[in-house]
Amino acid sequence: MIPFDWVEPASLKEAVSLLDADDSTVRPISGGTALMLMMKPGFFVPSRLVSLAKIEADYSSIRAGGDGSLRVGAMTSLAELERSAAAIVNFPVMKGALQTLSNIRVRNVARVGGALAHGDPHMDLPPLFATLGARVSVVGPDGTRDIAVEDLYLGYYQTVLKNNELIAEAIVPPLNGARAAYKKITSRSADDWPALNMGVRLEMADANTIKAARVVLGAASERVTRLAQTESLLTGAIVNDGLLKRVSESAAAEARFVSDAHGSAAYKRELLRVYLPRTIKEALS
Amino acid sequence: MSETRTIRFTLNGRPASAAIQSHHNLVELLHQLGLFGARESCGQGLCGCCTVLVDDVAVSGCLYLALGVNGKSVTTIEHLDESGTLSPVQQAFIEAGAFQCGFCTPGFVLMTHQLLKQNPDPSEDEIRHYLAGNLCRCAAYPEIVEAVRLAARTMKQARA
Ligand SMILES: Cc1cc2nc3c(=O)[nH]c(=O)nc-3n(C[C@H](O)[C@H](O)[C@H](O)COP(=O)(O)OP(=O)(O)OC[C@H]3O[C@@H](n4cnc5c(N)ncnc54)[C@H](O)[C@@H]3O)c2cc1C
Ligand code: FES
Ligand code: FES
């Protein structure tokens with residue numbers, strides 16, 4: 001690694017002003033775990049890092065709304081989210097998903113903003129939050145805009161965020177009785193990077209009839225993706241073995257798979273075929 | 001840009017300062033100050049050999065910029081026996097024979113301290129889960145798990 005300029009702004013606004021819309025060698029740094037992994041081998045050579053440490057106090061709260069929603073400051077650590085009673089009570093699916101997200105030291109340091117902004121398709125928080133229909137509030141030089149997590153990603157390490165925009169907060173809407181499940185399938189150890197991860201959120205009309213569905217896929221593809229055709233197959237349908245079979249075939253045909261160190265495209269397709277019915281069953285159990 | 005910067009922090013309970021380069025990580029900072037208990041092995045956050053506590057939270061020193069500890073409190077493995085006696089966790093690792101070469105041991109010991117502080121009576125599953133980010137190339141895992149249980153028992157007796 002080679003030296004770089006380091007600044008520690010005291011407000012989010014000041015942080016935005018120290019970033020540069022046209023210069024991608026100037027980056028914000030929150031936990032630094034992802035950036036360090038890229039800086040050490042020289043994949044990323046910063047000219048300046050804008051530390052968000054001094055604004056942590058203002059952006060690290062986890063607040064549960066009376067309606068069952070959740071607001072999470074961008075500087076909340078993943079470990080704090082994992083331990084948060086508010087998060088777990090309103091969204092039981094979060095705990096298990098976070099517990100297998102890397103190891104405890106990484107979760108101690110990594111921040112929600114960094115986890116959502118990095119854009120590595122293997123990561124767990126983006127598909128988990130997209131499944132839950134979460135949005136992020138993003139601050140830039142011209143003010144604040146609101147982006148659905150599912151719309152954040154364009155491709156490998158590419159997001160719709162401008163170089164001088166910062167995630168300030170994530171807002172997870174209430175489940176309102178919807179059922180959610182998230183699965184991470186690893187080909188080596190349990191806390192490894194996934195070969196495939198997947199979330200489903202099902203609103204039920206009655207015990208067996210689905211009113212609305214979200215099906216989100218990560219890791220297997222180039223970016224976090226909602227499987228729209230599969231969702232429409234589920235919408236209004238009665239859950240039975242026939243439906244689960246049709247849905248898993250549809251998802252395997254619809255998703256675009258990428259081979260990598262964690263599995264070939266064909267293997268990931270097979271994983272999706274097997275695990276989607278299991279994830280749906282887990283959500284409904 | 002390549003000029004050194006001075007950071008001030010608390011190191012093992014005492015005020016410390018160091019002139020560092022922006023790109024140095026926490027392990028490099030500690031080595032500069034003569035503390036070699038935290039070592040960089042994988043360099044990728046996977047193995048835990050570089051475990052250090054920052055404001056009493058366990059971090060991988062290999063992925064933590066030295067600049068980031070400015071104003072914070074850093075605790076290393078060297079702090080545990082500063083009183084002249086080994087900590088109950090260190091003692092338990094010896095009694096259980098929980099190492100061969102010892103390269104991974106400082107990380108496992110610090111992580112065990114953190115685990116037992118948060119969860120004084122962990123199940124085997126909880127122990128294995130908490131230590132999943134620490135690797136031992138000598139594969140002393142069964143003895144390490146035993147050492148954690150032994151330390152939990154000793155600490156419980158000391159409290160009683
Ligand atoms: C050993 C290891 C194993 C891992 N395994 C997993 C895993 O199994 N699953 C998983 O999901 N992840 C895994 N990770 C990745 C980890 O989740 C990320 O490194 C972490 O979430 C990034 O957060 P950070 O705060 O450290 O980000 P940083 O490194 O600080 O930043 C990451 C990116 O986000 C940008 N950024 C940071 N904060 C903001 C903000 N507020 N607004 C806009 N942009 C911002 C930075 O400029 C940078 O581009 C692993 C990491 C390691 C080291
Ligand atoms: S050297 Fe830091 S975790 Fe392996
Ligand atoms: S004792 Fe040798 S690496 Fe663990």
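Keep in mind it's a predicted model, so treat the numbers as computed, not measured. In what follows, every chain begins at residue 1, and chains take the letters A, B, ... in the order their sequences are listed.
The NE2 atom of His23(B) lies 12.5 Å from the CG atom of Leu49(A); values are rounded to the nearest 0.5 Å. Distance OG/Ser22(B) to CH2/Trp6(A): 9.0 Å, rounded to 0.5 Å. Atom CG in Leu53(B) sits 9.5 Å away from atom CG in Asn108(A) (nearest 0.5 Å). A distance of 6.0 Å separates OG of Ser60(B) from CG of Asn103(A), quoted to the nearest 0.5 Å. Atom OH of Tyr64(B) sits about 11.0 Å away from atom OG1 of Thr33(A), to the nearest 0.5 Å.
Top candidate by heavy-atom pairs under 4.5 Å with chain B, chosen from Leu35(A), Val106(A), Ile29(A), Ile104(A), is Ile104(A). The residue among Leu63(B), Leu46(B), Val54(B), Asn134(B) with the most heavy atom pairs within less than 4.5 Å of chain A is Leu63(B). Annotation: maximal heavy-atom pairing with chain A below 4.5 Å, among Val57(B), Leu65(B), Leu131(B), occurs at Leu65(B).
Using a 4.5 Å cut-off between heavy atoms, His24(B) makes no contact with chain A at all.
Remark: side-chain polar atoms of His129(B) are paired, donor with acceptor, to backbone N or O of Gln99(A) under 3.5 angstrom. Under a 3.5 Å cut-off, the side chain of Lys40(A) and the backbone N or O of Gln44(B) do not form any donor-acceptor pair. Checked by atom type and distance alone, the side chain of Arg105(A) pairs as donor or acceptor with a backbone atom of Gly133(B) at under 3.5 Å.
Taking all atoms of both residues into account, the shortest heavy-atom contact from Pro3(A) to Gln21(B) is CG-OE1, 3.9 Å.
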